[in-house]
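Lettering follows sequence order; numbering is per chain, from 1.
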There are 2 protein chains.
Amino acid sequence: MRQVAPSTVRRLSLYLHFLETNSGEGEVTVSSGALGVAGGATSAQVRKDLSFFGSFGRRGVGYAVRDLAEHLRDILGLGRTFRVVLVGAGRLGAALAHSDRERGFAIVGVYDTDAARIGAELDGLAVRDAARLEADLAASPADIGVVGVPAAEAQGVADRLVRSGVRGLLNFAPLLLAVPPDVAVRNVNLTLELDGLAFALRGRSH
Amino acid sequence: MRQVAPSTVRRLSLYLHFLETNSGEGEVTVSSGALGVAGGATSAQVRKDLSFFGSFGRRGVGYAVRDLAEHLRDILGLGRTFRVVLVGAGRLGAALAHSDRERGFAIVGVYDTDAARIGAELDGLAVRDAARLEADLAASPADIGVVGVPAAEAQGVADRLVRSGVRGLLNFAPLLLAVPPDVAVRNVNLTLELDGLAFALRGRSH
DNA sequence: TATTGTGAAGTGGTTCACAGCT
DNA sequence: AGCTGTGAACCACTTCACAATA
């Protein structure tokens, strides 16, 4: 199978979210056009995205909602639970801990280096001393690590997570992490987004 | 001038961040190669990105750090202060309020519909009743609106912000907002990022 | 008639490679 | 010799267009 484009994965996730939030509404089938609206794509794009993994629709009819949702969860690998450790019990980390605990991402540990935070609770999880990270992960590995520490510490934390067997990182620090090629990184960078808006608004006054 | 690619803007922001955090270190010039490492790009890509806006370097030498940073701030439109209103005083909004207040993005208002939150303080800013949004924006416009409310309310909030003159939106809700073509939207979607990691980790166990 | 699945064409961003300065 | 600036080549994602099917 050819390499899947990152943009395709992003859209598949949007299609799935649409199917999941609109499934109770009676409609048994959806067209590629409707999915396109949800995913910010054309109908042709939707069909191409899906055809990459198989033929899930019926010509002249569309896609069966429940069936396609199931296929998308399977394609995205959402059939299992991912174990997530959170390093840096700041606000972004808290936002993550708060959301999405249901959808297959289980937060199994929250760590911080700040003594003031250690021992505190973050959404029902005790914040542990980051010094324990390696020992804890050796005893009970995780799939995904969330880097929620300041920029200066981010690469160090990433290195420790990767050495401890984590193979996916969600990075909130405003810089690019250097990781081995078999480790996946997704960045959430508020500075970047704000700069992007600034650029889009060039020359416009309020 | 041709349309600038979103990926180019993203990298320009990364180059700038690199220059700003490493400017005190004696080096007066940087090469496109060094900038490429910071921005996750090749040296050729860096030069193309910059050449799009002018010739800022010297052949055989490189780019003057201070000078290039200044140019990048100018290109990105960071020379002025952007007035930002935050709707939804949740954790992501709090994360935003906490960071970056220095770099040209001034939070001028925080709103929520939840009576329990109204009147509370978020990083020194009083949370106001979202019902006042239109009146406040009419009296004192904003450039950027942050949509930090649940998915079901997101489009409604976006509509109200756009009607009140906001021309840039930072959307934390896990869906695509429909906005007029002259309004810029950037999405921060944790669900999407986690799904992306799930896909990248397909078939791998811990 | 409605809508999918897909090869072919199109578009646009990235990489190459080298001329041009310092 | 070192490094930028840039046209040309390349590559990958998107759109088109239409045969296939309900």
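Looking at residues two or more places apart in sequence or on another chain, you find a salt bridge (Lys or Arg N to Asp or Glu O under 4.0 Å) between B:R91 and A:D123. Residues satisfying the side-chain hydrogen bond (donor to acceptor under 3.5 Å, both in side chains) criterion with A:D159, sequence neighbours excluded, are A:Q155. A:R66 is linked by a salt bridge (Lys or Arg N to Asp or Glu O under 4.0 Å) to nothing, counting only residues two or more places apart in sequence or in another chain. Every residue two or more places apart in sequence or in another chain that forms a side-chain hydrogen bond (donor to acceptor under 3.5 Å, both in side chains) with A:D112 is listed here: A:R117. Listed by chain and residue number, B:N187 satisfy the side-chain hydrogen bond (donor to acceptor under 3.5 Å, both in side chains) test with B:N171 (two or more places apart in sequence, or in another chain). With sequence neighbours excluded, no residue forms a salt bridge (Lys or Arg N to Asp or Glu O under 4.0 Å) with B:E153. Residues satisfying the salt bridge (Lys or Arg N to Asp or Glu O under 4.0 Å) criterion with A:E27, sequence neighbours excluded, are absent altogether. Residues forming a side-chain hydrogen bond (donor to acceptor under 3.5 Å, both in side chains) with B:D74 (at least two apart in sequence, or on another chain): none.
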Listing, residues 50-63 of chain A side-chain donor-acceptor contacts under 3.5 Å, not counting sequence neighbours, or none:
unit_1	atom_1	unit_2	atom_2	d
A:S51	OG	A:R47	O	3.3
A:S51	OG	A:K48	O	3.0

Could you list all N or O pairs between the protein and nucleotides 16-18 of chain C that sit under 3.5 Å apart?
unit_1	atom_1	unit_2	atom_2	d
C:dA17	N6	B:R47	NH2	3.4

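Between A:Q45 and D:dT15 there is a side-chain N or O to OP1 or OP2 distance below 4.0 Å. Look at A:S32 and you won't find any side-chain N or O under 4.0 angstrom from OP1 or OP2 of C:dT3. OP1 and OP2 of C:dT22 both lie 4.0 Å or more from every side-chain N or O belonging to B:Y63.
Summary for the helix from C:dT1-D:dA22 to C:dT22-D:dA1: the axes at its two ends, each from 5 pairs, differ by 0° when rounded to the nearest 10 degrees.
DNA chain D lies under 4.0 Å from at least one heavy atom of each of the following residues of residues 7-22 of chain A: A:S7, A:R11.
Nearest-nucleotide assignment on DNA chain D puts the 5′-proximal partner with B:V30, out of A:G60 and B:V30.
Salt-bridge formation is detected for the pair A:R11/A:D49: a Lys NZ or Arg NE/NH1/NH2 atom is positioned less than 4.0 Å from an Asp or Glu carboxylate oxygen.
The CZ atom of B:R58 sits 7 Å away from the P atom of C:dT22 (whole-angstrom rounding).
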